[in-house]
Number of protein chains: 2
Amino acid sequence: MTRKRQILKTAAQLFKERGYSAVTMRDLAAAMDMKAASLYNHISGKQEILATIILEVAHEFTTGMDMVEENDKSAFAKAEQLIILHIKIALEYTDALAVLNTDWMHLEGAPYQEYITLRKEYELDFKKILESGIKTGEFKAMNVETMLFNLLSTLRSIYLWIPKKSTTEVADLKKELPQILLTGISS
Amino acid sequence: MTRKRQILKTAAQLFKERGYSAVTMRDLAAAMDMKAASLYNHISGKQEILATIILEVAHEFTTGMDMVEENDKSAFAKAEQLIILHIKIALEYTDALAVLNTDWMHLEGAPYQEYITLRKEYELDFKKILESGIKTGEFKAMNVETMLFNLLSTLRSIYLWIPKKSTTEVADLKKELPQILLTGISS
DNA sequence: CCTACCGATCGGTAGG
DNA sequence: CCTACCGATCGGTAGG
């Protein structure tokens with residue numbers, strides 16, 4: 001792992017714990033066992049760290065969505081795959097995902113605009129899948145915005161629960177979360 | 001409204017937008033059309049503002065939960081009432097709820113401990129309702145933690161969607177959200 | 001990767 | 001509610 005990679009990883013951990021604004025370059029340097037000034041040999045500044053962390057994981061979602069859209073499965077199956085996608089990314093990028101969720105508003109300039117665009121496109125793609133599922137009768141004819149809101153609320157929170165889970169519990173989650181989100185909890 | 005109330009309200013708006021750590025006492029003073037030093041005639045410091053905002057709305061949830069527990073309705077009806085409770089609080093305390101959700105980790109000392117305790121009790125009470133619903137057969141015999149996770153994820157996010165909604169859309173939400181959360185979206 | 005340092009800004013206080 | 005100010009700390013640079 002390059003030194004820059006190590007800095008990004010450590011920064012994601014600290015940002016997750018205390019938030020971007022509350023973490024200083026001196027905090028980050030101390031966690032890396034170096035001085036603040038030395039960080040600037042690897043990164044241009046605090047903003048670059050934030051932008052890199054967030055946009056990397058944002059692109060993971062976009063790539064995942066593209067793959068789901070390419071297959072010709074049912075809307076229900078696509079929704080199921082997206083739920084699995086969120087669980088997988090939450091497992092692999094737990095800290096970065098936390099930063100994306102809590103500190104995206106501290107992005108500035110072009111990275112901010114890029115993040116907003118990626119998120120808007122992702123939500124639109126997700127909505128289209130739900131709409132097609134309503135059309136085919138797979139989903140109830142309810143308010144699509146409310147359906148999407150419920151799904152994304154839970155999917156965006158997964159990173160909060162994943163770290164506490166064992167491997168077998170994560171396996172359970174992959175089975176039960178699609179069931180709960182799509183078919184509900186009532187008998 | 002007392003001057004202190006005005007300060008708390010303005011602070012909640014700013015904290016919601018930029019986060020506790022990124023808002024300075026000078027920002028808050030400017031939004032109140034006064035100088036930073038003058039704030040200290042009404043509040044003891046930045047921490048007191050944060051603690052007051054968060055604990056007030058946290059107690060709203062505890063009070064609401066107590067009322068729901070007192071009635072002798074079914075578990076399903078209780079879960080429905082809790083969903084309505086979250087919508088109502090999100091409507092009345094939108095900014096404070098945002099602060100609770102995003103900045104609780106910046107609480108210090110006794111207020112931090114109190115918040116953690118209130119949250120733990122609330123989640124435990126919610127879990128008991130779900131468990132009793134499983135026992136009576138109202139809910140599927142699934143992992144209770146996963147059920148609770150899904151419900152709370154969505155309920156905690158409501159404040160993000162409420163401000164964009166019209167009165168009629170909020171009425172729709174009160175009808176459809178319990179349906180989606182409890183009976184799912186599949187036909 | 002370090003020491004030394006910059007101007008700016010932070011939360012908060014003194015005293016009126 | 002204000003002016004004036006405090007020590008501490010911020011993100012970042014110069015120069016080695």
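Per chain, numbering begins at 1; letters A, B, ... match sequence-line order. Below, each value reflects all heavy atoms present in this structure, side chains not excepted, and no hydrogens, waters or symmetry copies.
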Next on the checklist: For B:Glu108, is there any backbone N or O sitting under 3.5 Å from a side-chain donor or acceptor partner on B:Gln47?
Outcome noted: yes
Checklist entry - Where along residues 10-20 of chain B does a heavy atom fall under 4.0 Å from DNA chain D? => result none
Checklist entry - Which whole-number value in Å describes the distance from A:Lys4 NZ to C:dC1 C1'? => result 18 Å
Checklist entry - Does any N or O in the side chain of B:Thr183 come within less than 3.5 Å of the main-chain N or O of B:Ile180, such that one atom is a donor and the other an acceptor? => result no
Item to check | A:Tyr20 backbone acceptor or donor facing A:Lys46 side chain under 3.5 Å | outcome: yes
Item to check | Verdict with reasoning, B:Arg5 to B:Glu56, per salt bridge (Lys or Arg N to Asp or Glu O under 4.0 Å) | outcome: CA-CA 12 Å; B:Arg5 246 322 115 197; B:Glu56 270 181 12; 2.6 Å; yes
Item to check | Spacing between B:Asp27 atom CG and C:dT9 atom P, to the nearest angstrom | outcome: 11 Å
Item to check | Pairs touching residues 26-48 of chain B that satisfy ring pair (Phe, Tyr, Trp, His ring centres under 6.0 Å), sequence neighbours left out | outcome: none
Checklist entry - Which residue pairs satisfy the ring pair (Phe, Tyr, Trp, His ring centres under 6.0 Å) criterion with at least one member in residues 49-70 of chain B, sequence neighbours excluded? => result B:Phe61-B:His86, B:Phe61-B:Tyr122
Item to check | Sorted by number, the residues of residues 99-115 of chain A with heavy-atom contact under 4.0 Å to DNA chain D | outcome: none
Next on the checklist: Go through it in stages, so that I can follow the logic: the residues are A:Lys78 and A:Glu131, the test is salt bridge (Lys or Arg N to Asp or Glu O under 4.0 Å), and I'd like the CA-CA distance, side-chain angles, deciding distance and then a yes or no.
Outcome noted: CA-CA 12 Å; A:Lys78 282 181 180 169; A:Glu131 281 167 346; over 6 Å; no
Close N/O contacts between protein and nucleotides 12-16 of chain C (under 3.5 Å):
from: C:dG12; atom 1: OP2; to: B:Tyr40; atom 2: OH; distance (Å): 3.0
from: C:dG12; atom 1: OP2; to: B:Lys46; atom 2: N; distance (Å): 2.9
from: C:dG12; atom 1: O6; to: B:Arg26; atom 2: NH2; distance (Å): 3.3

Checklist entry - In whole angstrom, what separates A:Leu28's CG from D:dC10's P? => result 12 Å
Next on the checklist: Does this structure show an ion pair linking A:Asp172 with A:Lys165, if we count only N-O contacts that are shorter than 4.0 Å?
Outcome noted: no
Next on the checklist: Tell me whether B:Glu114 contacts the main-chain N or O of B:Leu55 through its side chain, where contact means a donor paired with an acceptor under 3.5 Å.
Outcome noted: no
Next on the checklist: Distance check needed: D:dT3 P versus B:Met34 CE, whole Å only.
Outcome noted: 12 Å
Checklist entry - Can you give the dot-bracket line for DNA chain D, where a pair is Watson-Crick or G-U wobble with both atom distances under 3.5 Å, crossing pairs use [ ], and | marks a partner on another strand? => result ||||||||||||||||
Checklist entry - Does A:Ile116 belong to the same Ile/Leu/Val/Met/Phe/Trp/Tyr cluster as A:Leu118, with side-chain heavy atoms less than 4.5 Å apart forming each link? => result yes
Item to check | Transitive ILVMFWY side-chain link B:Met105 to B:Phe15, under 4.5 Å | outcome: yes
Checklist entry - Does A:Gln179 use its side chain to pair, donor to acceptor, with the backbone of A:Gly184 at less than 3.5 Å? => result no
Checklist entry - What's the closest nucleotide to the B:Ser38 side chain, out of D:dC2, C:dC1, D:dG11? => result D:dC2
Checklist entry - Would A:Leu85 and A:Ile54 show up in the same hydrophobic cluster when neighbours are defined by side-chain heavy atoms closer than 4.5 Å? => result yes
